[in-house]
Protein chains: 2
Amino acid sequence: MVLLVHHSISPQSRKARIMMAEKKVLFVLKQEEPWNMSKDIQKLNPAKDLPIFIFDGHIISGDYAVTEYLEENYTTPKLLTGDNLHRAEIRRLCDWFDKKFYNEVYKYIVGEKIFKRFSSGQSPDSKVLKAGTNNLKFHMEYLDWLAERNNYLTGLEFSLADVAAAAHLSILDYLGDIDWENYKNAKLWYSKIKSRPSFKDILKDTIKGVPASKNYQNLDF
Amino acid sequence: MVLLVHHSISPQSRKARIMMAEKKVLFVLKQEEPWNMSKDIQKLNPAKDLPIFIFDGHIISGDYAVTEYLEENYTTPKLLTGDNLHRAEIRRLCDWFDKKFYNEVYKYIVGEKIFKRFSSGQSPDSKVLKAGTNNLKFHMEYLDWLAERNNYLTGLEFSLADVAAAAHLSILDYLGDIDWENYKNAKLWYSKIKSRPSFKDILKDTIKGVPASKNYQNLDF
């Protein structure tokens, strides 16, 4: 049995869940609040980040290790597709979302709205939120540009780049921060992602005390 | 011909250089200041980070894509060694240095001493430096603990985890921030790394306007 310690607000956790659903890995989820991680879970992963993938007494933790382990170990379907150069482009886009989007959008918006509230009880700083919203516009334009050129972000086939992007976007969408009408190509891309069986579980996610935006679950949004 | 756009202060660039030297890839370096990146280089990589790996008209940018491309394309010697689980442990430690160490030590110390100085001309904030130095102690204890258990960080063999750790540590060592005498196991590990032919070029690095610490180049430090 495979156990994934995760949280709905963690894009790296969503990425692992979508990967496993694509690859039809059976797994059990254990939700753990990143702002209030239990001592037991901290012992499993000294870096104290999510997700943590546990099976047969083995522990794999952290985004890089979990992602590549899932891809190496569950080979059908491949999510790092194509030749060396194509895989490099997929990984470049993963880095784009997992580092650049994370630092420029997630930390500002999700950091203020969720982490700050649940860790200290404080209200969001409107200046920080505004900076995050401005950065989000730039990222949505880039996503829209990528989606205009191809069926999926790196070409005709669905890949890990789509998983990484959707993991991040879906959290901002849960919070109602994405103005899809301004980004028609990105919207079409996201509607394809939302229709995938691997995304069903993500659309059922709830965050305690934070209701999902009106269209979060709707396939026709 | 392979060209690597890099900077001596970029741990991700050092990682790629050590990997290429281990794999005996012939390459030419082009130094680019991360705080003053030219428009031409920005065009090559919209994420605006280093390193950028260029060959035969192809461009691979960002740490994740460059690292995995080098490992996939130049297969001797392997730096992601062993079975799936061992490679997961190597990647967990890469993440440790490339994310945790980077956020908790590099950003504070190198951010204040180098980036702040060269981008705005301001002096380092002593409080931020002190926080970085405190975090460095925790990381040096962890490195010391890892080095005590094994010949290299993930076992008997040299691996990508050693490359990632050494890439980061060597920058802090250049700035004279590491008190090796307090971490005997880490010191023994670093002396082995320093003696590797792949590290020769790293030890000759200079950063304009910032002299290397007294023992930076010494194999017997």
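Naming: A, B, ... by sequence-line order, numbering from 1 per chain.
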Can you list the residues of residues 113-149 of chain A that sit under 4.5 Å from chain B, counting heavy atoms only? A:Tyr142
Hey, which of A:Glu72, A:His58, A:Glu89, A:Lys100 has the most heavy atom pairs under 4.5 Å with chain B? A:Glu72
Should we count CD of A:Glu71 as having more than 12 external heavy atoms under 6.0 Å? yes
Of the listed residues (B:Ile60, B:Leu93, B:Leu85, B:Asn73), which shares the most heavy-atom pairs with chain A below a 4.5 Å separation? B:Leu85
Where on A:Phe101 is there a heavy atom nearer than 4.5 Å to chain B: the side chain, the backbone, both, or neither? neither
Just so I understand: if I count every heavy-atom pair under 4.5 Å between each of B:Gly62, B:Ser61, B:Ala65 and chain A, which residue has the most? B:Ala65
The single option from A:Lys99, A:Glu68, A:Arg92 that satisfies side-chain hydrogen bond (donor to acceptor under 3.5 Å, both in side chains) with B:Tyr64 is A:Glu68
Here the pair of heavy atoms bringing B:Asp95 nearest to A:Asp63 is OD2-N, 3.5 Å
Taking atom OH as the centre, does A:Tyr108 end up with more than 12 heavy-atom neighbours from other residues, nucleotides or ligands that are less than 6.0 angstrom away? no
Got more than 12 heavy atoms from elsewhere within 6.0 Å of NZ, B:Lys78? no
Sorted by number, residues from residues 24-53 of chain B in contact with chain A (heavy atoms, under 4.5 Å): B:Pro46, B:Ala47
